[in-house]
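One-based numbering along the sequence shown. A quick note: this is a predicted structure, and the numbers were derived from the prediction, not measured.
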Amino acid sequence: MADTRSTPESFRRLYELLDAAIDPGSWWPAETHFEIGVGAILTQNTAWNNVEQAIDALDANRLLTPTGIAAVDINGLKELIRPAGFMNAKATYLKNFTTWYLANYTTAGELHTDQLRKDLMAVHGIGPETADVLMLYVYERPVFIWDTYARRLLVAAGYEVPKDYEAARRALTAPMLASELTTAEHQRFHGLIVQAGKYATAAGGWEHYWHQLHH
């Protein structure tokens, strides 16, 4: 039997396989760019269902805006985002992001992608994955989200994937770029991978799901 791991599918082919099998719906789900940022911070280390509860609470209190988050008392903010977990840290992260957003939202769009990523990651509370989500969905940059689901998919598809987010990004950026996916395709790809992750969990793991998908 041939070792399929020696010739993994291209990122373009992975996208096409998932796109033919899955409807991810609208992703990232949000009504404003600022809400995307809020969701990206709140979803750190927690499930999206919990994030939705926190976002709904902010929205119900008319705080799902930069000026709202900037003005609200941090203790009140902690209580509203409690469903998303790690409320002490995330409240501070939201305040930090809001300060940055109010000062830089417009001018940041003019920055080169590498510089934009550095500037975002200089904000305490915005790590590599959150920065990439913001670049992809807020600033329309064609970047790949190297999250846990994506790394598991790539392993199942035959890639040698470092376990760390940044290490995976460095190791596999070349084949990702070679597939020449557009920004819209990257956005859809991320949604497809998120949905595929749910299916893979139900199917007994990524290897089994990849076999179903590929054959």
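The closest side-chain heavy-atom distance from Phe34 to Ile69 is below 4.5 Å. Under the 4.5 Å side-chain criterion, counting only non-hydrogen atoms from C-beta, Leu154 is in contact with Phe144. When side chains are defined from C-beta on, Leu77 does not count as touching Asp73, because their heavy atoms never get closer than 4.5 Å. Within the 4.5 Å cutoff, the side chain of Leu181 has heavy atoms near those of the Phe189 side chain. Within the 4.5 Å cutoff, the side chain of His186 has no heavy atoms near those of the His190 side chain. Residues Met135 and Asp132 have side chains in contact (heavy-atom distance under 4.5 Å, counting atoms from C-beta outward). Counting only heavy atoms from C-beta outward, the side chains of Thr183 and Arg141 never approach each other to under 4.5 Å. Contact of the Pro128 side chain with the Arg169 side chain is not registered, since no non-hydrogen atoms from C-beta on lie closer than 4.5 Å.
Of all heavy-atom pairs spanning Val155 and Glu207, the tightest one is O-OE2, 4.3 Å. Heavy-atom minimum distance, Thr43 versus Val51: CA-CG2, 3.4 Å. Taking every heavy atom of both residues into account, Ala40 and Val133 meet most closely at CB-CG1, 3.9 Å. Ile36 approaches Ala30 most closely through the heavy-atom pair CG1-CB, 3.5 Å. The nearest pair of heavy atoms linking Leu80 to Pro83 is O-CD, 3.6 Å. Across all non-hydrogen atoms, the minimal contact from Ala168 to Arg151 is CB-CD, 3.7 Å.
Here the straight-line distance linking atom CD1 of Ile81 with atom CG of Asn88 works out to 8.5 Å at 0.5 Å rounding. The distance from atom CD of Glu52 to atom CG of Asp59, rounded to the nearest 0.5 Å, is 12.0 Å. Note: Leu63 CG to Leu58 CG = 6.0 Å, rounded to the nearest 0.5 Å. Of the inter-residue distances, the one linking Asp23 atom CG with Arg188 atom CZ reads 6.0 Å to the nearest 0.5 angstrom. Put simply, NZ on Lys90 and CG on Leu94 are 9.0 Å apart, with the number rounded to the nearest 0.5 Å. Separation of atoms CG (Leu111) and NZ (Lys118) is listed at 11.5 Å; rounding is to 0.5 Å.
A donor-acceptor pair under 3.5 Å links the side-chain atoms of Lys95 to the main chain of Val72, judged by distance alone.
Using a cut-off of 4.0 Å between Lys/Arg side-chain N and Asp/Glu carboxylate O, Arg117 and Glu166 are scored as salt-bridged. Salt-bridge check for Glu79 with Arg82: passed, with a basic side-chain N closer than 4.0 Å to an acidic carboxylate O.
Under the 3.5 Å distance criterion, with hydrogens and angles disregarded, no donor-acceptor pair is assigned to the side chains of Asn49 and Gln53.
Residues satisfying the ring pair (Phe, Tyr, Trp, His ring centres under 6.0 Å) test with Trp28, not counting sequence neighbours, are Trp48, Tyr137. Annotation: ring pair (Phe, Tyr, Trp, His ring centres under 6.0 Å) contacts of Tyr93 (sequence neighbours excluded): His124.
The aromatic rings of Phe97 and Trp100 sit parallel, their planes meeting at an angle under 30°, below the 60° perpendicular limit. A tilted orientation is assigned to the rings of Tyr105 and Tyr139, their planes being inclined by 30° to 60°.
Follow the hydrophobic side-chain contacts under 4.5 Å out from Leu116 and you reach Leu177 in the same cluster.
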### Task
Check the pair Tyr159 / Phe11 against ring-ring contact (aromatic ring centres under 6.0 Å, His included), numbers first and verdict last.
CA-CA 11 Å; Tyr159 285 91; Phe11 277 64; 5.5 Å; yes
